[in-house]
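FYI, side chains are in, hydrogens and waters are out, and symmetry mates aren't considered; it's all heavy atoms of this structure.
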Amino acid sequence: MTITRQQFLRTFALGGAAMAAGLACPTVLRAQAPMLLRLNLVVGNQDPTFVMWQDFGKRIEDASEGTLKIEVYPTETLGKTNDMIEAVSRGAPILQDSDPTHLYNYKSDFAAFMAPYLVQKPEDIGTLWNSDLVRGWEEEVRAKGIRILTLTYFGTRHLLSSRQVATRADTQGLKIRNAPTKMWNEVGRVLGGNITNTAFSEAYTALSQGVADGAESPLSVLYSTRWYETKPFVSLTGHLVATTSILMSQKVYDSLPQPAQKALDTVGRGYTAVRQPEIVSLEQEYRTKLEDAGLVFNDVDRASFAEAAAQTPSQFPEWTPGLYDKIREIIG
């Protein structure tokens, strides 16, 4: 049965409501029917990663020995990401798609995954996630109600805009759409121009109506969202080798039987290696699609952007001292 966003928010996001009926049932009843977890995605069902997340859910179901059922919802159907993460931390039976910047309020160091020009290649994501450093962060966010199921490559992000950008100076005056988090605003600072905070679901309207002059994203997202219809140029800034994550409630996880926990852990941890080559293969495919749609690509002087990115640690005094150097040491 599909629930509406309003029903879901009323039940979970506003706090204090009981957890899903499956959690409240006696153990003997839970053993007879799989626990339903709803996966709330940011991307739409036309995005090529949507079917990958369906596959992710199917892998968990298959490994769970009949203890779990996963339903996948596109385009923040159940609610906005920040609202859903709060609901998850309180015990909602949701798997929430988000980038690590959304963990800032739970462990600020996680935002470093999305610091411009820090992570250099897709393989770095798995190396960093499996490090002792990040495992320590995970323990901290679990204590605050959130468990990370997977961290994986989302794509390298570039700048779509109303004019060509060859250096950072060329973004002067451009209104660049960013998600409303501290690290996304830092991405906007590094790109230059004027930061324009807009929800993902509202970005097409902002771009088409001139509220935003540009937006940054992986090429596949520029295509699947049809943002490419609004602006003619893609400047290959490559400012982020981006990570995405799936989060769930630690309280829900603790309530599950051992086969369900094992499925979530095994599939989630292993999915980093599964997804990476799939995303890499998409990138050239979607460049071709965008070029066929008439977009003009150009290389940029990345040094001018990287110079601005070197100041990122000073923008986050709350980070653990030496964080950048530690991450660079881990990923080589």
Side-chain angles (χ1 to χ4, degrees), residues 41-56 72 74-76 97 99 116-117 119-123 125 152-168 170-171 174-179 184 187-188 191-193 196 198-244 274-302 304-305:
L41 297 177
V42 174
V43 298
N45 57 11
Q46 299 303 308
D47 190 274
T49 64
F50 181 80
V51 295
M52 297 180 188
W53 288 125
Q54 288 179 314
D55 172 68
F56 177 73
V72 183
T75 325
E76 297 182 322
D97 170 29
D99 67 73
Y117 297 105
V119 173
Q120 296 292 309
K121 55 186 184 299
E123 295 84 356
I125 295 167
T152 190
Y153 181 48
F154 184 61
T156 298
R157 303 177 77 99
H158 305 287
L159 179 63
L160 172 77
S161 62
S162 56
R163 63 173 184 255
Q164 277 191 330
V165 170
T167 70
R168 188 170 180 266
D170 295 331
T171 64
L174 280 178
K175 301 186 295 289
I176 299 175
R177 177 264 166 188
N178 290 108
W184 282 115
V187 171
L191 288 175
T196 300
T198 308
F200 184 86
S201 57
E202 299 165 359
Y204 182 93
T205 299
L207 289 163
S208 61
Q209 294 182 355
V211 175
D213 301 316
E216 54 79 52
S217 208
L219 301 182
S220 61
V221 175
L222 295 181
Y223 189 86
S224 66
T225 56
R226 308 186 75 87
W227 292 358
Y228 71 88
E229 295 176 342
T230 69
K231 308 297 175 190
F233 298 108
V234 177
S235 299
L236 296 170
T237 50
H239 52 278
L240 274 179
V241 177
T243 304
T244 195
V274 172
R275 174 65 73 88
Q276 177 193 311
E278 295 177 339
I279 297 298
V280 169
S281 69
L282 283 179
E283 292 178 307
Q284 183 56 52
E285 175 187 346
Y286 278 85
R287 174 165 179 167
T288 299
K289 289 185 176 184
L290 289 166
E291 288 175 331
D292 290 344
L295 269 74
V296 177
F297 282 72
N298 66 279
D299 292 323
V300 305
D301 172 19
R302 293 189 181 182
S304 62
F305 295 98

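Panel note: side chain Arg226, backbone Tyr204; no donor-acceptor pair is recorded below 3.5 Å. Counting only distance, with no hydrogens or angles, the side chain of Asp97 and the backbone of Val42 share a donor-acceptor pair below 3.5 Å. In this structure, Arg157 contributes its side chain and Glu216 its backbone to a donor-acceptor pair below 3.5 Å. Checking side-chain atoms of Thr230 against main-chain N and O of Ser208 turns up no donor-acceptor pair under 3.5 Å. Here the side chain of Asp170 pairs a donor or acceptor atom with the backbone of Thr167 at under 3.5 angstrom.
Counting only heavy atoms from C-beta outward, the side chains of Pro122 and Val241 approach each other to under 4.5 Å. Side-chain contact check for His158 versus Leu219: some heavy-atom pair is nearer than 4.5 Å. Considering only heavy atoms from C-beta on, Phe154 stays 4.5 Å or farther from Ile125 through its side chain. Residues Thr152 and Thr244 meet the side-chain proximity criterion, which asks for heavy atoms closer than 4.5 Å. Within the 4.5 Å cutoff, side-chain heavy atoms of Phe200 are placed close to those of Thr225. The closest side-chain heavy-atom distance from Thr205 to Thr198 is not below 4.5 Å. Considering only heavy atoms from C-beta on, Lys231 comes within 4.5 Å of Ser162 through its side chain. Within the 4.5 Å cutoff, the side chain of Thr75 has no heavy atoms near those of the Phe50 side chain.
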Start with the C-alpha distance between Leu207 and Tyr228, add both sets of side-chain angles, then the distance that settles side-chain contact (heavy atoms from CB on, under 4.5 Å), and finish with yes or no.
-> CA-CA 10 Å; Leu207 289 163; Tyr228 71 88; over 6 Å; no
Please test Val119 against Thr243 for side-chain contact (heavy atoms from CB on, under 4.5 Å), starting from the C-alpha separation and ending with a verdict.
-> CA-CA 9 Å; Val119 173; Thr243 304; 5.5 Å; no
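Using the six-membered ring where Trp is involved, Tyr223 and Tyr286 have ring planes that are perpendicular, over 60° apart on the 30 and 60° scheme.
The CH2 atom of Trp53 lies 7.5 Å from the CG atom of Leu41; values are rounded to the nearest 0.5 Å. Atom OG of Ser235 sits about 12.0 Å away from atom CG of Asp301, to the nearest 0.5 Å. Distance check, rounded to the nearest 0.5 Å: OG1 of Thr237 to CG of Asn298 gives 9.5 Å. The CD atom of Glu229 lies 11.0 Å from the CG atom of Leu160; values are rounded to the nearest 0.5 Å.
Gly238 and Tyr117 make their closest contact through O-CE2, 3.6 Å (heavy atoms, listed as atom of the first residue, atom of the second, distance). Scanning both residues, Pro48 and Ser224, for their nearest heavy atoms gives CD-CB, 4.1 Å. Counting all heavy atoms, side chain and backbone alike, Asn178 lies closest to Gly188 at OD1-CA, 3.5 Å.
Checking each of Asp213, Leu159, Val165, Val187 against Ile176 for a side chain to side chain contact (heavy atoms under 4.5 Å, CB included) leaves exactly one that passes, namely Leu159. Checking Glu291, Gln284, Glu283 one by one against Arg287, the side chain to side chain donor-acceptor pair (under 3.5 Å) holds for a single residue, Glu291.
Arg177 forms no cation-pi arrangement with Trp184, by the criterion of a distance under 6.0 Å to the ring centre and an angle within 45° of the ring axis.
Donor-acceptor pairing under 3.5 Å is recorded for the side chains of Thr156 and Tyr153.
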